[in-house]
Amino acid sequence: MEVSEEGTRRVQHLAQSGLSRVPPEYIQPLHTRPFFHTRTEPRNIPLIDLSFFDPTRRASTRESIASACRDWGAFHVTNHGVPLSLLDAIRRAGRAFFTECPMPEKLRYACSTAASEGYGSKMLATSDQQQDDAVAHILDWRDYFDHHTLPLSRRNPDRWPEFPPDYRDTVARYSDEMKILAQKLLALISESLGLRASCIEDAVGEFYQNITISFYPPCPEPDLTLGLQSHSDIGAISLLIQDDVEGLQVLKSGDEGGDKWVTVEPLSDAVLVLLADQTEIITNGRYRSCEHRAITNPDRARLSVATFHDPAKTVKISPVSELIDESSPAKYRDVVYGDYVFSWYTKGPEGKRNIDALVLDS
């Protein structure tokens with residue numbers, strides 16, 4: 001089947017074309033290559049059993065969450081209340097779209113720009129000032145489909161794939177379940193800081209939720225590429241599930257100094273919780289957002305489903321007053337979320353540089 005020029009720009013098409021070397025626009029500079037300057041740690045991130053939010057275990061659950069938020073900014077949760085059959089269903093639907101749907105059909109849903117809804121490959125591009133001008137941007141080795149799911153005024157399933165037949169219904173049901181889980185988790189995170197349960201959610205306001213299904217094809221040179229460049233998420237809280245292929249890594253501050261990349265073990269019944277930048281600001285740095293990335297491999301495609309819960313672009317985010325006093329002054333400047341998003345997409349994430357730019361001089 002002949003593929004259009006736009007189709008040839010998809011990473012999946014490149015991977016299937018039989019190339020033995022990746023194109024130069026996907027080659028990371030030396031300092032960001034996955035196996036160049038940091039080793040990965042075999043230990044895994046915290047695993048917290050929510051016990052279906054049993055009120056008799058709430059205190060111990062809060063303690064576990066506090067420790068995970070302080071030390072990692074990320075943790076797995078099990079017995080979270082989301083039907084496991086639904087986790088399987090959205091993984092199955094996403095994989096079917098990417099692996100069974102013909103390219104011309106996929107391109108019907110092509111998105112026009114970064115951060116717009118639809119099927120794409122270039123949500124993020126990193127400027128590389130250490131190389132010559134021949135390669136101005138470094139691209140991620142992945143394709144994705146981004147869905148605008150909440151508030152309901154943004155949700156239009158007609159913009160989502162019709163294949164497989166249950167795709168649209170599955171994404172809508174998954175969206176609703178993830179919203180409920182995000183609200184419950186933010187309540188526990190608030191309480192773990194001694195705040196009222198609704199504190200962080202009140203600061204965020206109505207959720208603007210996006211669901212991004214990412215597909216990482218096999219890569220002939222995984223030591224030169226990244227599936228997703230190092231970054232922290234820009235919103236409040238992200239909830240992620242994976243298939244059974246390793247690839248996600250989180251950056252962990254070392255006990256003896258130095259940061260190390262830790263590969264996150266895929267757990268089929270768990271949801272991975274990632275604290276995002278606005279929660280770091282709201283908690284005045286008590287809890288840090290999680291820097292993470294995705295690496296590639298030469299043999300197996302990988303799929304993940306990330307659900308982002310963000311403020312509206314008009315919301316002003318600042319540290320909550322309950323966490324500020326004479327001995328603990330505000331550490332971050334106030335920021336209108338829309339301005340933060342604009343900076344993130346125009347400058348690029350490059351780790352956590354956008355939130356670091358908001359840190360006040362002590």
Side-chain angles (χ1 to χ4, degrees), residues 44-84 86-87 150 174-209 211 232-242 250 252 264-265 267 269-292 305-311 315 317-324 328 332 355:
N44 204 15
I45 66 170
L47 174 63
I48 298 174
D49 180 356
L50 296 179
S51 298
F52 302 102
F53 300 93
D54 180 353
T56 65
R57 299 186 58 176
R58 196 170 182 90
S60 62
T61 300
R62 284 196 302 262
E63 292 174 6
S64 298
I65 285 177
S67 175
C69 289
R70 282 193 306 267
D71 297 341
W72 291 81
F75 51 95
H76 272 129
V77 292
T78 57
N79 293 321
H80 39 65
V82 181
L84 301 186
L86 184 56
L87 304 187
L150 289 175
Y174 189 80
S175 163
D176 295 339
E177 290 286 350
M178 287 293 108
K179 176 187 176 182
I180 293 169
L181 179 57
Q183 290 172 319
K184 291 179 176 179
L185 286 166
L186 286 181
L188 285 167
I189 292 168
S190 294
E191 290 178 352
S192 73
L193 287 165
L195 304 169
R196 66 187 187 282
S198 64
C199 184
I200 296 177
E201 187 178 349
D202 289 345
V204 172
E206 182 179 26
F207 284 154
Y208 276 64
Q209 183 198 69
I211 296 176
S232 54
D233 292 338
I234 56 180
I237 189 170
S238 304
L239 305 177
L240 184 139
I241 62 172
Q242 309 185 68
V250 299
K252 175 70 168 66
V264 178
E265 178 186 359
L267 301 175
D269 62 342
V271 175
L272 177 66
V273 182
L274 297 168
L275 297 191
D277 290 348
Q278 307 314 303
T279 294
E280 177 172 331
I281 296 170
I282 292 166
T283 65
N284 202 33
R286 299 280 189 92
Y287 295 160
R288 297 269 291 170
S289 58
C290 177
E291 186 174 343
H292 54 285
V305 184
T307 308
F308 306 100
H309 299 87
D310 303 346
V315 172
I317 299 294
S318 60
V320 295
S321 59
E322 295 92 330
L323 298 179
I324 298 173
S328 181
Y332 302 87
I355 190 167

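What you see below is based on every heavy atom in this structure, not just the backbone, and it leaves out hydrogens, waters and symmetry mates.
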Check against side-chain hydrogen bond (donor to acceptor under 3.5 Å, both in side chains), Thr78 and Asp269: CA-CA 7 Å; Thr78 57; Asp269 62 342; 5.8 Å; no
Atom CD1 of Ile355 and atom OG of Ser232: how far apart are they, to the nearest 0.5 Å? 6.5 Å
Give me the atom names and distance for the closest heavy-atom approach of Leu188 to Phe53. CD1-CE2, 3.8 Å
Could you go through the side chain to side chain contact (heavy atoms under 4.5 Å, CB included) check for Ser51 and Thr61 one step at a time? CA-CA 9 Å; Ser51 298; Thr61 300; 5.9 Å; no
Using the side chain to side chain contact (heavy atoms under 4.5 Å, CB included) rule, take His80 and Leu87 through it: C-alpha gap first, then chi angles, then the decisive distance, then the call. CA-CA 12 Å; His80 39 65; Leu87 304 187; 4.1 Å; yes
For residues 194-202, dump all side-chain donor-acceptor pairs below 3.5 Å to protein atoms at least two apart in sequence or in another chain.
from: Arg196; atom 1: NH1; to: Glu322; atom 2: OE2; distance (Å): 3.0
from: Ser198; atom 1: OG; to: Asp202; atom 2: OD2; distance (Å): 2.9
from: Glu201; atom 1: OE2; to: Gln183; atom 2: NE2; distance (Å): 3.2

Identify the two heavy atoms, one from Ala270 and one from His76, that lie closest to each other, and give their separation to 0.1 Å. CB-CD2, 3.8 Å
Look only at the side chain of Asp54 and the backbone of Thr56, and say whether a donor-acceptor pair between them is shorter than 3.5 Å. yes
Using a 4.5 Å cut-off on heavy atoms from C-beta on, say whether the side chain of Pro319 contacts that of Ile281. yes
Does some side-chain heavy atom of Ile211 sit less than 4.5 Å from a side-chain heavy atom of Val305? yes
Please say which of Leu274, Val82, Leu181, Val77 ends up in a side-chain contact (heavy atoms from CB on, under 4.5 Å) with Leu239. Leu181
Interatomic distance, Ser190 atom OG to Arg62 atom CZ [nearest 0.5 angstrom]: 11.0 Å
Please identify each residue that fulfils salt bridge (charged side-chain N to carboxylate O under 4.0 Å, His left out) with Glu265, with sequence neighbours left out. none
Over all atoms of both residues, closest heavy-atom pair of Ser289 and Asp277: OG-OD1, 2.7 Å
Of all heavy-atom pairs between Ile282 and Ala203, which one has the smallest distance, and what is that distance? CD1-CB, 3.8 Å
Quick one: are Ile317 and Tyr332 in side-chain contact, heavy atoms under 4.5 Å? no
Are Thr283 and Leu275 close enough that some pair of their side-chain heavy atoms sits under 4.5 Å apart? no
Checking Ser67 side chain against Glu63 main chain: does a donor-acceptor pair fall under 3.5 Å? no
Mind checking whether Thr307 and Val271 have side chains closer than 4.5 Å, heavy atoms only? no
Counterpart residues, salt bridge (charged side-chain N to carboxylate O under 4.0 Å, His left out), relative to Asp176 (two or more places apart): Arg155
Testing the basics here: between Tyr208 and Pro311, what is the closest heavy-atom pair and its distance to 0.1 Å? CB-O, 4.0 Å
Among Lys179, His309, Glu206, Met178, which one satisfies side-chain contact (heavy atoms from CB on, under 4.5 Å) with Leu150? Lys179
I would like to know whether Arg57 and Asp49 meet side chain to side chain contact (heavy atoms under 4.5 Å, CB included); could you show each step before the answer? CA-CA 10 Å; Arg57 299 186 58 176; Asp49 180 356; 4.2 Å; yes
Write down the atom of Ile45, the atom of Ala74, and the distance for their closest heavy-atom approach. CD1-C, 4.4 Å
Atom CG of Asn79 and atom CD1 of Ile48: how far apart are they, to the nearest 0.5 Å? 12.5 Å
Please check: side-chain N/O of Gln278 versus main-chain N/O of Ile234, any donor-acceptor pairing under 3.5 Å? yes
I'd like to know whether Arg70 forms a side chain to side chain contact (heavy atoms under 4.5 Å, CB included) with Tyr287, so could you lay out the CA-CA distance, the side-chain angles of the two residues, the decisive distance to 0.1 Å, and finally the verdict. CA-CA 5 Å; Arg70 282 193 306 267; Tyr287 295 160; 3.7 Å; yes
For the atom pair OG (Ser328) and CG (Leu323), what is the distance rounded to the nearest 0.5 Å? 7.5 Å
Distance from Ile241 atom CD1 to Leu272 atom CG, nearest 0.5 Å? 11.0 Å
